[in-house]
Amino acid sequence: MPELPEVEAVSSVARRALAGRTVVALRILRKRICAPQRPATVERHVAGRRVVAVERRGKSIEIQLDGATLWIHLRMTGNLYPIADARLRAHSVTACFELDNGRALVFDDPRGLGVLRLGPAPPAGIDPLRDEFTAERFVALAGRGRGAIKTWLLDQRRVAGLGNIYAAEALFQAGIDPRRAGATLSKTRLERLHRAIVAVLGDAVESASLAYQRPGGLAEGELFDPAVYGREGLPCPRCRRRVRRFSQGGRSTYFCPGCQR
DNA sequence: CTGCCCCTGTAA
DNA sequence: TTACAGGGGCAG
């Protein structure tokens, strides 16, 4: 489910639930999520500690405690939300933070691909929601890319936060063929892509934060109407040509062959 | 670069 | 039954 906008919203939810709280106990209900660290070790380091801060770093969420730090990655299907009673957690909950106010924050993850580990969140690239994401820096970085721009955008080490949906939407909005290498794109077109990334993510952050404030969180596919993502064979909203799909780096890329060159 | 893996759910 | 899923790490 989550790309940067959703992680930002989930991070806010976790921050509100954890602010000023002490974690009485952490229960890791699926061992793999902290591998290669041992569940008992992680639980012991967290238990009894006061929450100092919750921050998003790229697509990771870092929870700083008084004397320990842990980070969470939601991967495909992870979610964090508070519940009134730890005993009433859903079957798909992989970890549960029991709090000193009697409530709990759960890490719910049906596919179980998500991660929870001790230590600071791994280093991520420039955050496209922050001021540091300037057109100049983006042009300098992307202009060096030799591989396909879509794959390049998904690599979190340079620009951190774009995933499969918003990368496709930003490239559509900028009118750029996802197979092009960054190094072959003009400064003007890379600046256009920079603007598209900021616009696409900015819009999504707003709707994601609204959606996650409601009980039940986000409903599937309600965020926005993609122009190309998931629309193989359907007409492009701009030129009416059929949206095409192909595989890039093991995932689906959607694009309009008319608008994206 | 591609392909496979992690795991479960859902839809065709 | 197969294909696919908004992520990412790894091997070849």
Side-chain angles (χ1 to χ4, degrees), chain A residues 1-11 28-37 56-61 71-80 90-95 107-117 119 121-125 128-129 144-172 178-184 197 200-201 203-205 207-209 211-212 217-234 243-255:
Chain A
M1 173 172 58
E3 297 188 29
L4 181 148
E6 294 79 22
V7 178
E8 177 69 24
V10 170
S11 179
I28 294 175
L29 303 159
R30 189 193 282 253
K31 291 181 181 180
R32 302 190 60 91
I33 67 172
C34 58
Q37 298 172 355
R56 179 181 61 77
R57 303 213 183 284
K59 290 187 205 165
S60 297
I61 297 169
W71 62 278
I72 289 172
H73 197 296
L74 305 172
R75 291 283 174 91
M76 298 285 270
T77 51
N79 194 9
L80 297 173
H91 178 67
S92 48
V93 166
T94 59
F107 183 10
D108 193 342
D109 184 9
R111 275 175 83 175
L113 300 175
V115 167
L116 182 160
R117 277 181 217 152
L129 290 187
R144 243 177 285 144
R146 311 214 152 260
I149 186 70
K150 157 79 164 12
T151 312
W152 190 91
L153 289 174
L154 292 185
D155 185 339
Q156 307 294 301
R157 290 172 302 186
R158 292 178 284 253
V159 175
L162 284 165
N164 212 25
I165 296 182
Y166 300 122
E169 295 298 306
L171 285 167
F172 171 78
R179 297 165 292 195
R180 292 284 298 270
T184 70
I197 290 168
V200 163
L201 290 180
D203 284 354
V205 163
S207 41
S209 68
Y212 275 84
L218 185 75
E220 199 73 12
E222 85 172 295
L223 259 193
F224 71 121
D225 289 327
V228 288
Y229 183 82
R231 293 178 43 83
E232 182 185 19
L234 296 171
V243 171
R244 292 231 294 268
R245 174 166 77 103
F246 68 102
S247 184
Q248 244 180 340
R251 26 191 35 103
S252 289
T253 293
Y254 297 87
F255 79 111

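Lettering follows sequence order; numbering is per chain, from 1.
- A:Asp155 has its CG atom 10 Å from the P atom of C:dG8, to the nearest Å.
- The nucleotide whose nearest atom lies closest to any side-chain atom of A:Arg245 is, among C:dG8, B:dG9, C:dC4, C:dC4.
- Contact annotation: the side chain of A:Leu74 approaches that of A:Leu80 to within less than 4.5 Å [non-hydrogen atoms, C-beta and beyond].
- Contact check, A:Arg111 against C:dA5: no side-chain N or O comes under 4.0 Å of OP1 or OP2.
- Distance alone, capped at 3.5 Å, places no donor-acceptor pair between the A:Arg157 side chain and the A:Val159 backbone.
- Scanning atom types as modelled, no donor and acceptor separated by under 3.5 angstrom connect the side chain of A:Arg75 and the base of C:dG9.
- Listed nucleotides B:dC1, C:dG8, B:dC6 differ in distance to A:Arg32; the shortest reach to its side chain belongs to B:dC6.
- Of the residues listed (A:Asn79, A:Thr77, A:Thr94), the one engaging A:Asp109 in a side chain to side chain donor-acceptor pair (under 3.5 Å) is A:Thr77, and it is the only one.
- Residue A:Gly147 is in sugar-phosphate contact alone, with no base atom involved, counting any heavy-atom pair closer than 4.0 Å across all strands shown.
- OP1 or OP2 of C:dA5 lies within a sub-4.0 Å distance of a side-chain N or O belonging to A:Tyr254.
- What separates CD of A:Glu232 from P of C:dA3 is a distance of 15 Å, to the nearest Å.
- In this structure, A:Arg158 places its CZ atom 14 Å from P of C:dG8, rounding to the nearest Å.
- In this structure a side-chain-to-backbone donor-acceptor pair under 3.5 Å is missing from A:Thr151 to A:Gly249.
- In this structure, CG of A:Leu153 is placed 13 Å from P of C:dG8, rounded to the nearest angstrom.
- Atom CG in A:Asn79 sits about 15 Å away from atom P in C:dG7, given to the nearest Å.
- Proximity of A:Gln156 to the phosphate of C:dG7: no side-chain N or O atom is located under 4.0 Å from OP1 or OP2.
- Dashed line: the shortest gap from a side-chain N or O of A:Ser252 to OP1 or OP2 of C:dA5 is under 4.0 Å.
- Between A:Leu154 atom CG and C:dG9 atom P there is a gap of 13 Å when expressed in whole angstrom units.
- Positionally, the nearest nucleotide of DNA chain C for A:Glu3 lies more toward the 5' end than for the other of A:Pro122 and A:Glu3.
- With rounding to whole Å, A:Gln248 atom CD is found 15 Å from B:dG3 atom C1'.
- Residues A:Leu4 and A:Pro128 are in side-chain contact: their nearest non-hydrogen atoms beyond the backbone lie under 4.5 Å apart.
- A:Ile197 places a side-chain heavy atom less than 4.5 Å from the side chain of A:Leu153.
- Distance CZ (A:Arg157) to C1' (C:dG8): 11 Å, rounded to an integer number of Å.
- Of all nucleotides listed (B:dC7, C:dG7, C:dC4), C:dG7 comes nearest to the side chain of A:His73.
- Checking B:dC7 for Watson-Crick or G-U wobble geometry (two distances, each under 3.5 Å) identifies no partner in any strand.
- Between the P atoms of C:dT2 and B:dC4, the separation comes to 16 Å (whole Å).
- At a threshold of 4.0 angstrom between heavy atoms, the contacts of A:Arg30 are confined to the sugar-phosphate backbone, with no base atom among them.
- Residue contacts for A:Gly163: at a heavy-atom cut-off of 4.0 Å it reaches the sugar-phosphate backbone alone, with no base atom in range.
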